[in-house]
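Reviewing the structure listed below.
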2 protein chains.
Amino acid sequence: MSFLNTPLDGDVPLAELHPSIDPGAEINASDYQIASSQESENEAEKESPDDVKPPPFNQATGEMPSTEEFSGHYEFSLLMGVGSVNDAKNVKKSWEYSLKMNKLYVKVGSAVPVSFKINNQLDWSDLKVRALLVYDNPDDARTPVERCSSHKDPSHKSNKDCPNVNHVLCCQHRNASYERDQYSGRYSVVVALGEPQAGATYATILYMLNCKSSCEGGISRRNTSIIFTLEKNNKVCGRHVVHVRICSCPKRDMNQEQEFLSCSTSSMLSRGKKRKLDHFGPIRIKSEGYPLPSLLPPLPVSSLNSDLPPQPRYEPLNYMEVSLHFFSLLYG
Amino acid sequence: MSFLNTPLDGDVPLAELHPSIDPGAEINASDYQIASSQESENEAEKESPDDVKPPPFNQATGEMPSTEEFSGHYEFSLLMGVGSVNDAKNVKKSWEYSLKMNKLYVKVGSAVPVSFKINNQLDWSDLKVRALLVYDNPDDARTPVERCSSHKDPSHKSNKDCPNVNHVLCCQHRNASYERDQYSGRYSVVVALGEPQAGATYATILYMLNCKSSCEGGISRRNTSIIFTLEKNNKVCGRHVVHVRICSCPKRDMNQEQEFLSCSTSSMLSRGKKRKLDHFGPIRIKSEGYPLPSLLPPLPVSSLNSDLPPQPRYEPLNYMEVSLHFFSLLYG
DNA sequence: ACACAAGTAC
DNA sequence: GTACTTGTGT
Ligand SMILES: [Zn+2]
Ligand SMILES: [Zn+2]
């Protein structure tokens, strides 16, 4: 694990710094209750006569949010899985993070600590981090990620005393603000960073994902990413993106995808006869032949069309093949 | 296929008798609209002041409906899959029926023709057939079978203009009456048999199942059966039971279960080390060591405890093993 | 962690 | 129909 703006650092064992955080624990419903919500309980009553102020427009939750990463003036960076009892050998991991693929594999409802770092700013109090889940596939990129019907069911145990029934991506933080962009329909969760705890140089926030990637009628086996935007006065001043797969066997699935990545690098790519693992990982996507997935580390767009060796292609590359191709250009 | 009260008859090719019925067709939503419903639209308003008549109690939809088969005075019998273009070679089958296992394998939402036969009664008009879906496992036998949240979602395509959102088991018949037993909570569908069509000796009704056996939050991979009761004046005067599995690959799954049935008959049974196919078929059940499943042809209960050869058992037989055991006693 | 079940893409 | 994916029971 490493800060994403310095992605090739070695692992940083920081578990002992946060002994009180247990990311594997069940979601504590009472934490939700305290959370302030900027959503009205009834989403239908949006135009109450008193509420005439136009809701603020925010690029970060627009129809097609950018997934280009930049650290910005505050040198915004994040670190997955820091301060986690996850690192302890005796604790069963409920999530895995692959630095190589910049992808989080997590069980539904498990808390994942994400640590944010800021420089050039003494006062963090007006800095907020927004987390938004999006679909990777360009076909779906404009579709808000919604919870499936089963998980939205108020009688579902994950919704006990939980006002954020519609949010796949939630946050175990008492000041978390759950928002719905009424123009795009996207759900996101915003947290004020606050000061890092004494002696710490980053602030750690627990996130959890309350639908599976496979949830029928919801994500439906589509690939997703979390977009973290650093915001000040409703303006985006930093952005990072992490791939995420919510599944029952994070370790198995990560290993599977890593194995595919390594055994197929450049060998399987030039050939047609597409087979196993159509996309980045085993999740199959319906459409294929897409341009660069928006989730890999920022690439000059020109490379998409100009840097491809003009080898003969018998069928269009699918999502995964394109991902892998650019991945190998970057790291191979 | 054969009438169930004469289960070892040969196949009866009757497809040509009902050339107009296409069981493989998509559910026609408009058929639903005409169906009269005895359920109030809003299930909450049960005690409206005008509606003081106590709702009729019916054994057939009680907490623990009997699954014992009997043909009764009217020699009630049924036949699966009659009059079906399903029999034609060029039509892709959306369901399979195993006479050997008395089990229907069907894709979700596909119409399955079930033919009912009555004797000793010139006027069929006051005879009704109720169809009720129940769980086989005694642990769940008292639990009403409900649709899963996803399929109940009004925006789900299977619910277009369909008032019977809560019913897994539906019926393509314009006079179908959808009922909910307010004591047990069970959903059932009732059809007046009417006269058989000219030249026919049975009445054929199309049923469909609108959740999968695997539906999370619904049937959840539990085994189910359909109970067909012949009723006259709200009294049960005949009963037949058919196992049913609602799945994506009826043929594959039927073959799988048949294979297991044949290869394991008596060989695998006496041994512990239980593994593959815990239950009747591949659907795993949570609990095990149950008595006789209620769906096999009626057996003297005494046989359960007395006819078992007292072979040494290292672990309790699970549901499937018990099913298989009695199955082999009957037919083996 | 393994084996299997059961949906989905091709 | 085949192969693969991905949840579940053990
Ligand atoms: Zn879900
Ligand atoms: Zn369902």
Side-chain angles (χ1 to χ4, degrees), chain A residues 92-94 96 105-110 137 139 148 150-151 211-223 245-257 259-260 263-264 268 272-289 315-316 318-321, chain B residues 92-94 96 105-110 137 139 148 150-151 211-224 245-257 259-260 264 268 272-289 315-316 318-321:
Chain A
K92 210 174 287 179
K93 283 186 167 186
S94 55
E96 303 279 341
Y105 301 78
V106 61
K107 293 189 186 186
V108 65
S110 294
N137 186 317
D139 260 0
C148 72
S150 290
H151 281 117
C211 258
K212 296 179 198 166
S213 293
S214 60
C215 271
E216 203 56 41
I219 302 179
S220 282
R221 301 174 310 286
R222 289 175 283 191
N223 281 345
R245 172 186 169 92
I246 312 128
C247 56
S248 298
C249 308
K251 190 167 195 170
R252 175 187 70 178
D253 295 350
M254 184 179 73
N255 292 339
Q256 216 165 294
E257 293 192 9
E259 192 179 320
F260 180 73
C263 86
S264 68
M268 195 179 192
K273 215 60 173 174
K274 72 171 73 67
R275 224 177 354 270
K276 215 162 170 177
L277 310 184
D278 313 4
H279 48 302
F280 202 157
I283 293 181
R284 295 197 195 95
I285 52 174
K286 282 147 202 156
S287 321
E288 36 191 4
E315 32 192 332
N318 65 19
Y319 182 93
M320 140 125 221
E321 290 162 341
Chain B
K92 210 173 287 182
K93 284 186 167 185
S94 55
E96 303 280 342
Y105 301 78
V106 61
K107 293 189 187 187
V108 66
S110 294
N137 186 318
D139 261 1
C148 72
S150 290
H151 280 117
C211 257
K212 295 178 197 166
S213 293
S214 60
C215 271
E216 203 56 42
I219 303 179
S220 283
R221 300 175 309 286
R222 289 176 283 190
N223 281 345
T224 53
R245 173 189 168 90
I246 313 127
C247 56
S248 298
C249 307
K251 191 165 197 174
R252 174 186 70 177
D253 296 350
M254 184 179 72
N255 292 338
Q256 212 166 296
E257 294 193 9
E259 191 179 321
F260 180 74
S264 69
M268 196 180 190
K273 217 58 176 175
K274 72 172 72 66
R275 219 180 355 275
K276 217 161 168 175
L277 310 183
D278 313 4
H279 47 302
F280 203 157
I283 292 183
R284 294 196 196 98
I285 52 174
K286 283 148 201 154
S287 320
E288 37 190 3
E315 33 191 332
N318 65 21
Y319 182 94
M320 142 127 220
E321 289 162 341

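Order of the sequence lines fixes the chain letters, A, B, ..., with proteins taken first and strands second; residue numbering starts at 1 for each chain. Heavy-atom basis, side chains included; hydrogens, waters and symmetry copies ignored. Just so it is clear, the model here is predicted, and its values are computed rather than measured.
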In whole Å, what is the span from the [atom1] atom of [X] to the [atom2] atom of [N]?
X	N	atom1	atom2	answer
B/Y105	C/dG7	OH	P	13 Å
A/I246	D/dT5	CD1	P	19 Å
B/R222	C/dA6	CZ	C1'	17 Å
A/F260	D/dA3	CZ	C1'	14 Å
B/N255	D/dT2	CG	C1'	14 Å
A/E259	D/dC4	CD	C1'	14 Å
B/N223	D/dG9	CG	P	13 Å
B/M254	C/dA6	CE	P	16 Å

| task | Would you name the heavy atoms of A/C247 and A/D253 that are closest together and state the gap between them? | result |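 The answer is SG-OD2, 3.3 Å.
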| request: Return the minimal non-hydrogen interatomic distance between B/D139 and B/N137, and the atom names on each side. | output: N-OD1, 2.7 Å
With a 4.0 Å limit, can you tell me whether [X] has a side-chain N or O closer than that to the phosphate oxygens OP1/OP2 of [N]?
X	N	value
A/R252	D/dT5	no
B/S214	C/dA6	no
A/S248	D/dT6	no

| task | With B/N255 as reference, evaluate B/K251, B/R252, B/E259 under the side chain to side chain contact (heavy atoms under 4.5 Å, CB included) test and give the passing residue. | result |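 So the option named by the test is B/K251.
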| Hey, which of A/K93, A/R245, A/K107 is the one that makes side chain to side chain contact (heavy atoms under 4.5 Å, CB included) with A/P250? |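 In the set A/K93, A/R245, A/K107, the residue that makes a side chain to side chain contact (heavy atoms under 4.5 Å, CB included) with A/P250 is A/K107.
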| More 5' along DNA chain C: A/C249 or B/K212, using each one's nearest nucleotide? |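 In this pair, the answer is A/C249.
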| message | For A/K251 and A/E216, find the nucleotide of DNA chain C closest to each by heavy atoms; which residue's nucleotide sits nearer the 5' end? | response | A/K251
